[in-house]
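Take a look at the structure set out below.
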There are 2 protein chains.
Amino acid sequence: MTADRIFEALASQPRRKILAYLSAQELTAGEIASRFDMSAPAISRHLSVLETAGLVNSERRGQYVVYRINKDNLVNTLTSFTFEICPVAGPLKRESRKRAAMKQST
Amino acid sequence: MTADRIFEALASQPRRKILAYLSAQELTAGEIASRFDMSAPAISRHLSVLETAGLVNSERRGQYVVYRINKDNLVNTLTSFTFEICPVAGPLKRESRKRAAMKQST
DNA sequence: TAATCAATTAAAACATTGGTTAAATATATA
DNA sequence: TATATATTTAACCAATGTTTTAATTGATTA
């Protein structure tokens with residue numbers, strides 16, 4: 001199941017922090033690593049967890065590997081889980097469906 | 001940080017399953033345990049993780065301990081995280097604020 | 001009170017996660 | 001080609017999480 005990997009990926013402060021950084025701009029692996037007090041290999045593994053979960057994408061650009069967030073996947077998973085647990089939120093749910101329908105506009 | 005505990009609590013299939021069960025109705029610890037192929041103590045631990053994270057509440061009722069979900073906490077945490085990472089979703093964000101304002105109506 | 005049922009806590013075994021350093025791979029450049 | 005930089009993979013260790021069985025606590029009832 002994919003929700004498994006996503007929740008597991010989110011269950012880590014450094015990984016959530018990486019997502020927050022990437023939500024503002026795309027960054028190379030090295031740029032990300034430089035923002036943490038942690039070795040590059042450790043960051044590389046966190047990035048691979050995030051990528052396996054489908055929360056980020058990577059692209060090699062020369063020597064560098066650029067990472068970029070996959071917002072749709074994150075939003076869709078969390079909102080669909082939220083509404084599975086809490087189907088009460090009517091208007092919010094409607095908006096969520098609308099958003100999912102025009103996913104590509106992000 | 002409380003988001004830490006919440007994401008850690010959600011990073012477990014059995015715990016998410018427990019939340020799903022509790023989203024439909026309140027259940028005793030034993031009723032929950034009977035739905036899993038797992039010992040009662042194991043379930044008890046999962047319940048305590050969920051309760052520490054503030055995702056469920058418990059109340060002793062005679063011999064039994066009844067568990068009930070705390071939907072607001074879950075929804076608020078996940079939506080606020082979602083919008084921290086993805087502030088693009090304008091209308092959804094507005095609805096979320098509205099919902100937070102009338103929290104008690106759940 | 002004694003016996004029973006429900007639930008949690010304790011202790012131990014086992015698996016998983018998260019970090020390190022060292023080695024390997026990929027690209028750029030002198 | 002040789003060297004340097006960026007990143008990932010491999011091997012390893014420490015810490016944490018998950019489960020089990022056994023013991024303990026709380027509440028009901030015969």
Side-chain angles (χ1 to χ4, degrees), chain A residues 1-22 25-70 77, chain B residues 1-22 25-70 74 77 81:
Chain A
M1 198 186 192
T2 183
D4 268 8
R5 269 197 280 269
I6 289 183
F7 279 107
E8 189 193 310
L10 292 177
S12 150
Q13 218 174 29
R15 285 195 290 266
R16 291 197 303 276
K17 213 168 158 186
I18 291 174
L19 286 178
Y21 284 138
L22 291 179
Q25 55 184 315
E26 56 178 41
L27 293 167
T28 69
E31 287 170 331
I32 294 169
S34 73
R35 302 186 181 196
F36 287 86
D37 187 22
M38 201 186 295
S39 69
I43 294 295
S44 180
R45 297 221 328 219
H46 283 305
L47 287 169
S48 114
V49 171
L50 288 169
E51 187 160 32
T52 300
L55 295 175
V56 306
N57 299 313
S58 70
E59 177 198 350
R60 180 167 277 276
R61 201 172 290 169
Q63 293 176 279
Y64 302 92
V65 176
V66 178
Y67 283 86
R68 132 176 32 81
I69 203 172
N70 184 351
T77 302
Chain B
M1 200 186 192
T2 183
D4 268 9
R5 269 197 280 270
I6 288 183
F7 279 107
E8 189 193 311
L10 293 177
S12 150
Q13 216 174 32
R15 285 195 291 265
R16 291 197 304 277
K17 214 167 157 188
I18 291 174
L19 286 178
Y21 284 138
L22 291 179
Q25 55 182 317
E26 55 178 43
L27 293 168
T28 68
E31 286 170 332
I32 295 169
S34 73
R35 302 186 181 197
F36 287 85
D37 188 21
M38 200 185 297
S39 69
I43 294 295
S44 182
R45 282 186 172 264
H46 284 305
L47 287 169
S48 113
V49 171
L50 288 169
E51 186 160 32
T52 300
L55 294 176
V56 306
N57 299 313
S58 70
E59 177 199 349
R60 180 167 275 276
R61 202 172 292 168
Q63 296 176 277
Y64 303 91
V65 175
V66 178
Y67 283 86
R68 133 176 29 82
I69 203 172
N70 184 350
L74 179 67
T77 302
F81 173 75

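Because the structure is predicted, anything quoted here is derived from the model rather than measured. We name chains A, B, ... by the order of the sequence lines, and we start the count at 1 in each one.
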- Message: For the CD1 atom of I69(A) and the CG atom of L50(A), what is their distance to the nearest 0.5 Å?
- Response: 8.5 Å
- Five pairs at each end of the helix from dT1(C)-dA30(D) to dA30(C)-dT1(D): take the axis at both ends and give me the angle between them to 10°. 10°
- Mind calculating the distance between CD (E31(B)) and P (dA7(C)) to the nearest angstrom? 8 Å
- Task: Tell me which residues in residues 33-44 of chain A put a heavy atom below 4.0 Å from DNA chain C, sorted by number, or none.
- Result: M38(A), S39(A), P41(A), A42(A)
- What one should report as the nearest heavy-atom pair of V65(B) and S58(B) is CG1-CB, 3.8 Å
- Does a distance-only test, which skips hydrogens and angles, find a donor-acceptor pair under 3.5 Å between the side chain of R45(B) and the base of dG17(D)? no
- Message: Please confirm whether the shortest side-chain N or O distance from H46(B) to OP1 or OP2 of dG17(D) is below 4.0 Å.
- Response: no
Polar atom pairs between nucleotides 3-6 of chain D and protein, under 3.5 Å, N or O only, would you list them?
| from | atom 1 | to | atom 2 | distance (Å) |
| --- | --- | --- | --- | --- |
| dT5(D) | O2 | Q63(A) | NE2 | 2.8 |

- Message: Side-chain N or O of R15(B) versus OP1/OP2 of dT18(D): is the shortest distance under 4.0 Å?
- Response: yes
- Atom-pair distance (CD on E59(A); C1' on dT27(C)), nearest Å: 15 Å
- Side chain proximity check, E51(B) to Y67(B), heavy atoms < 4.5 angstrom: yes
- Message: As an exercise, state the distance from CZ of R15(A) to CG of L10(A), rounded to the nearest 0.5 Å.
- Response: 8.5 Å
- Query: If you look at every heavy atom in I43(B) and A29(B), which pair is closest and at what distance?
  - Reply: CG2-O, 4.4 Å
- Message: Are the side chains of R35(A) and I18(A) in contact, using a 4.5 Å heavy-atom criterion?
- Response: no
- Message: Do T28(A) and R61(A) make a side-chain contact, defined as non-hydrogen atoms from C-beta onward lying under 4.5 Å apart?
- Response: no
- If we only count heavy atoms from C-beta on, is the F36(B) to K17(B) side-chain gap below 4.5 Å? yes
- Taking all heavy atoms of N70(A) and all of G54(A), pick out the closest pair and write down the distance. ND2-O, 3.3 Å
- Under 4.0 Å between a side-chain N or O of Y67(B) and OP1 or OP2 of dT8(C)? yes
- Specify the separation, in whole Å, of atom CD1 of I18(A) and atom P of dG18(C). 11 Å
- Query: Rounded to the nearest 0.5 Å, how far apart are CG of L22(A) and CG of N57(A)?
  - Reply: 10.5 Å
- Message: Rounded to whole Å, please give me the gap between CD in Q13(A) and P in dG19(C).
- Response: 11 Å
- Query: Which part of the nucleic acid, if any, lies within reach of E8(A) when heavy atoms closer than 4.0 Å are counted: base, sugar-phosphate only, or nothing?
  - Reply: sugar-phosphate
- Gap separating the CD1 atom of I32(A) from the NE2 atom of H46(A), nearest 0.5 angstrom: 11.5 Å
